[in-house]
Amino acid sequence: MRLKNKVAVITGSSRGIGRSTALLFAEEGAKVVINYRERLGSAEDVVSSIVQKGGSAIAIQADISEPKDIKLLFRRATEAFGTVDILVNNAGICVPKPFLELTREDMDLVFGVNVTGVVLCSQEVAKIMMPKESGKIINIASISGIRNFGTPGNMHYAMSKASVVSATGILAKALGPGISVNCVVPGFVDTEMATSPEYVEQVISASALKRILRPEEIARTCLFLASEDSDGITGEVIHVDAGFQLK
Ligand code: NAP
């Protein structure tokens, strides 16, 4: 088991990539905090799947765009499991809108979760990890945040994910030597977020591997970055995109 007795908080783990990561981390021996914003039933299903297999997990509601919710999330996680060893900053939202129609509110909504949420969760977990001089933080960005891959119909999302890439290196410098901070950049992953069939076809034809990704494939990269196997790595950005960026 690669995460035996480690405590992991995975934001946005009631569904999609976060859910797959939570299930895999639990299989590898981690005690897992399943965070969700509104879908309690989905979060409870993840907890049940883990507990049925003999693992430990709890569900905690917290809106990652709300500072007070973030504080409560980490307080309840430490009350339940004693500490936090791993944070996966996975919660994210994508609300496409043409550039000329974008409002301040649209920007605030997406940046509140995707950027400020990442910063404040990292800050809160750093307070737990710094005294013990160890910990792993994994940020989930997106290929759309990499230069020239964003689209005009989703500029604010692309900008928010570019910020996650940028934050990774800065946080790695700020939190070393004890804490490592790395970033996974998924391509197109088969979850509820990825819905447009036309876009799927375009992505498949533009990818070297000619397919979209499964959430488990992102989860396995997160497992590598959460485990001792990646102990020499920090500030790194790993693309898991089926070769989309090669186009
Ligand atoms: P998803 O299926 O839409 O799931 C989103 C998860 O985030 C859910 O658990 C949701 O909770 C939670 N969430 C949303 N807003 C939240 C908030 N304010 N506070 C707390 N939790 C919140 O998304 P996904 O496709 O798995 O994406 C996960 C991450 O990967 C995101 O950061 C996304 O940007 C990134 N990503 C995805 C793709 C893709 O193709 N799918 C590609 C590149 C990057 P509820 O269930 O309660 O709503």
Side-chain angles (χ1 to χ4, degrees), residues 9-24 32-47 59-74 76-77 87-96 108-118 120-121 124 138-146 149-151 154 156-165 167-168 183-197 199-200 202-204 206-207 211-219 221-222 237-242 244-245:
V9 173
I10 303 165
T11 66
S13 42
S14 48
R15 295 184 278 123
I17 292 168
R19 175 181 182 277
S20 289
T21 305
L23 295 173
L24 181 63
V32 186
V33 172
I34 309 302
N35 160 248
Y36 66 101
R37 180 189 46 185
E38 55 186 11
R39 296 209 203 170
L40 170 63
S42 305
E44 284 178 342
D45 285 348
V46 183
V47 170
I60 302 180
Q61 194 281 334
D63 182 338
I64 292 306
S65 67
E66 287 292 337
K68 65 176 185 344
D69 282 21
I70 293 174
K71 282 191 187 294
L72 197 63
L73 169 65
F74 288 95
R76 290 190 55 201
L87 166 65
V88 184
N89 278 314
N90 167 77
I93 54 170
C94 177
V95 192
D108 287 349
L109 177 70
V110 169
F111 271 66
V113 182
N114 296 7
V115 182
T116 312
V118 169
L120 296 184
C121 284
E124 223 37 57
I138 300 149
N139 297 329
I140 307 297
S142 166
I143 194 72
S144 62
I146 303 298
F149 289 105
T151 58
N154 218 348
H156 51 331
Y157 177 76
M159 288 170 67
S160 75
K161 291 301 183 177
S163 296
V164 173
V165 174
T168 299
C183 183
V184 180
V185 176
F188 200 88
V189 187
D190 188 12
T191 70
E192 278 184 45
M193 186 182 278
T195 47
S196 155
Y199 189 55
V200 173
Q202 280 175 32
V203 170
I204 290 174
S207 303
R211 65 177 178 85
I212 61 171
L213 294 144
R214 298 185 303 279
E216 300 78 32
E217 295 180 292
I218 311 303
T221 306
C222 291
V237 178
I238 301 181
H239 295 78
V240 184
D241 65 357
F244 182 71
Q245 55 164 335

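For this chain, numbers begin at 1 and follow the sequence in order. Whatever order the structure lists ligands and atoms in, that order sets their numbers, starting from 1.
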For [atom], what's the nearest protein heavy atom and its distance?
atom	value
atom 6 (C) of ligand 1	Gly12 O, 3.6 Å
atom 38 (C) of ligand 1	Gly187 O, 3.9 Å
atom 20 (C) of ligand 1	Ala62 O, 3.2 Å
atom 40 (O) of ligand 1	Val189 N, 2.7 Å
atom 45 (P) of ligand 1	Ser14 OG, 3.4 Å

> Is any side-chain heavy atom of Glu44 closer than 4.5 Å to a side-chain heavy atom of Ile34?
Replying inline: no

Does the N or O separation between [X] and ligand 1 drop below 3.5 Å for any pair?
X	answer
Ile64	yes
Asp63	yes
Arg37	yes
Val113	no

>> Please list, in number order, the atoms of ligand 1 under 4.0 Å from a heavy atom of Ser13.
In response: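 Every atom of ligand 1 under 4.0 Å from some heavy atom of Ser13: 9 (O).
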
>> Going by the closest heavy atom to atom 3 (O) of ligand 1, which one wins out of Arg15, Glu192, Glu38?
In response: Arg15

> For atom 2 (O) of ligand 1, which candidate among Thr191, Val240, Asn90 holds the nearest heavy atom?
Replying inline: Thr191

> Can you list the residues that meet the salt bridge (charged side-chain N to carboxylate O under 4.0 Å, His left out) rule with Glu124, with sequence neighbours excluded?
Replying inline: Lys71, Lys127

> Has the side chain of Lys161 got a donor or acceptor atom that lies under 3.5 Å from a matching backbone atom of His156?
Replying inline: no

>> Quick check for you: to the nearest 0.5 Å, what is the distance between Asp241 atom CG and Phe188 atom CZ?
In response: 13.0 Å

